Amino acid sequence: MHPEPLRPLGYQHRQDQAFRQALMQAANRYLQQHNDHRFADWRFYLKSLVLVGCCLGSYLTALWSDAAWLFFIFYPLFICFALLLAINLVHDASHNAIFKQAKANRWLNFWITIPLGLDPECWRVRHIIFHHAHTNIRHYDLDIEENFVLRQTPYQRWYPFMKAQHLYWPLVAALTFPALIWVFDWLDRFHFTRVAPHMRHQGQSGIVTFLCAKILHISLVIIIPFYLLTDKQIGLGLLLFTYFLSQMLASLIFVVLILGTHWAKATFYTPPEQGNMPHGFYTHTFSTTYDWHTTPRWLTYWLGGLNLHLTHHLFPNWNHRHYPALADIIQCTAEQFSINYHCISAKELFIYQQRFLKEMGRGKRADDPHS
């Protein structure tokens, strides 16, 4: 079954053209003042090497340590460091924000995603082409597709058990990565979703690259540990259990960081039957996305700037090392145009998330399909 493609959907760009020009001018002025560029710098490369070392060190410790109990500490750490590598490198590389050469970004993505298991091309299409371009728009943003378990928009069907979704949503968040890696990646690659037509490599070459990445992942996280841990009485069942539990932990961390910003804003849209959205892209982004600050603030850099999510949506092709400065620029420019911008705390983010999930769980529906 090949889903019908969606019609192209754009925005009324003239509505916020003045704001866009002022924002871009301020951002370019910031680069000129610092004699800088939007890509990675040596500090980013150093951080990447540290994360690679931590990931590899955790993996080797889990497999080679004499004490079997260390496996259950360092193997989950290995998966969590693989997540941090994905957050810090794969996210930026998918937006071509690390190297100036697009091919180098794609090459990096292929190898860095092996420990975590996500297919970088499937994720790139879902994240950039569908989510970034159509945040919180029904049918277009695949992150808010109806799943019959968690009601994420006022346009989705309601079931009585969803009254408790504000309590069980962490379990759904924890299952996101396993579902993407072992179900949706395969559906995307083999044309059961709208993702495949947008991938760079089609046909046999795309399938071979996809299968090679999956085989390398299985070899790294299952086959090699299985043979090396035989003498420590860690069988295949226990290994698989630890693997999926580690993936669930990494998934929970990632979903809390990236998806909650859109839940907290709690603004969703249905596309008009004809034409483009009735507002501009920047207006849309401010209405669907939050920035939030970490405590301590330096965590922002090690989390790849994902908490500054509004900033990322406005400057997706900039390396996350610039996000704190860009957030200040956004705030100043927004004040000039009387646009409401504020960076909330992690506590406020959680409160807004819970409020939204409770409202959706009670069956709240949209009065106006366009607002």
Side-chain angles (χ1 to χ4, degrees), residues 1-9 79 82-83 86-87 90-91 93-95 106 109-153 155-157 159 165 169 171-222 240 243-248 250-252 254-255 258-259 262 268 271:
M1 178 180 178
H2 293 222
E4 290 292 327
L6 297 170
R7 69 175 181 84
L9 180 65
I79 298 295
L83 169 68
I87 289 174
V90 175
H91 194 209
S94 297
H95 289 279
R106 293 196 295 269
N109 263 359
F110 177 85
W111 291 106
I112 292 297
T113 52
I114 296 300
L116 195 60
L118 281 172
D119 181 79
E121 185 63 5
C122 295
W123 188 84
R124 182 191 67 84
V125 173
R126 281 180 168 268
H127 180 66
I128 297 176
I129 296 178
F130 286 94
H131 172 67
H132 262 264
H134 312 99
T135 307
N136 285 12
I137 299 180
R138 188 184 186 187
H139 305 309
Y140 284 80
D141 185 353
L142 298 183
D143 285 355
I144 58 169
E145 276 193 308
E146 189 167 19
N147 55 36
F148 307 104
V149 177
L150 198 70
R151 188 168 182 261
Q152 298 186 76
T153 80
Y155 310 112
Q156 294 174 351
R157 281 166 282 192
Y159 300 95
Q165 71 173 17
W169 78 266
L171 178 60
V172 179
L175 291 171
T176 299
F177 271 9
L180 284 173
I181 293 166
W182 297 111
V183 179
F184 288 102
D185 275 358
W186 297 81
L187 294 177
D188 290 345
R189 171 49 69 182
F190 291 96
H191 291 263
F192 287 94
T193 70
R194 297 186 181 94
V195 171
H198 299 276
M199 292 182 180
R200 291 191 180 95
H201 300 291
Q202 300 290 327
Q204 186 175 357
S205 64
I207 292 174
V208 169
T209 302
F210 173 83
L211 292 177
C212 283
K214 292 296 183 183
I215 291 171
L216 286 171
H217 172 68
I218 294 171
S219 300
L220 181 69
V221 301
I222 302 297
L240 289 173
Y243 165 70
F244 281 108
L245 204 63
S246 301
Q247 270 196 346
M248 289 173 65
S251 178
L252 177 61
F254 180 77
V255 174
I258 198 168
L259 190 59
H262 302 301
F268 298 87

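FYI, side chains are in, hydrogens and waters are out, and symmetry mates aren't considered; it's all heavy atoms of this structure. On a predicted model such as this, the values are computed, not experimentally measured, just so you know.
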| query | Do you know which of Val255, Leu252, Leu116 makes side chain to side chain contact (heavy atoms under 4.5 Å, CB included) with Phe177? | reply |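 The single option meeting the side chain to side chain contact (heavy atoms under 4.5 Å, CB included) with Phe177 is Leu116.
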
| query | Are Asp185 and Lys214 close enough for a salt bridge, meaning some N to O gap below 4.0 Å? | reply |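 Between Lys214 and Asp185 there is a salt bridge, with a charged N closer than 4.0 Å to a carboxylate O.
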
So [X] and [Y], would you call those rings parallel, tilted or perpendicular, with 30° and 60° as cut-offs?
X	Y	value
His217	Tyr243	tilted
His95	His127	perpendicular
Trp186	Phe210	perpendicular
Tyr140	His134	tilted

Contact check, side chains of [X] and [Y], non-hydrogen atoms, under 4.5 Å:
X	Y	value
Arg194	Pro5	no
Pro115	Leu220	yes
Asp141	Phe130	no
Val195	Leu142	yes
Arg151	Arg157	no
Asp188	Asp119	no
Val149	Tyr159	no
Phe184	Phe192	no

Kindly compute the distance separating [atom1] ([X]) from [atom2] ([Y]), expressed to the nearest 0.5 Å.
X	Y	atom1	atom2	result
Ile207	Cys212	CD1	SG	12.0 Å
Leu240	Leu245	CG	CG	12.0 Å
Arg124	Leu118	CZ	CG	14.5 Å
Leu9	His139	CG	NE2	11.5 Å
Ile79	Met248	CD1	CE	13.5 Å

What is the minimum heavy-atom distance between [X] and [Y], and which atoms define it?
X	Y	result
Ala250	Leu83	O-CD2, 3.2 Å
Ile144	Gln156	O-NE2, 2.7 Å
Asn147	Gln152	ND2-NE2, 3.8 Å
Phe110	Pro120	CA-CG, 4.2 Å
Asn109	Ser94	ND2-OG, 3.1 Å
Arg189	Cys122	N-SG, 4.3 Å

Under the 3.5 angstrom rule, does the side chain of [X] hit a backbone N or O of [Y] as a donor-acceptor pair?
X	Y	result
Thr135	His131	yes
Thr209	Gly206	no
Glu121	Arg200	yes

| task | Could you go through the side-chain contact (heavy atoms from CB on, under 4.5 Å) check for Gln202 and His191 one step at a time? | result | CA-CA 10 Å; Gln202 300 290 327; His191 291 263; 3.7 Å; yes

| query | How about Trp182: does its CH2 atom have over 12 heavy atoms from other parts shown lying under 6.0 Å from it? | reply |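 Correct, the count exceeds 12.
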
| query | Mind checking whether Phe268 and His262 have ring centres under 6.0 Å apart? | reply |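 So the answer is no for these two rings.
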
| query | Is the gap between the ring centers of Trp123 and His91 under 6.0 Å? | reply |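 Aromatic pair counts; centres sit under 6.0 Å.
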
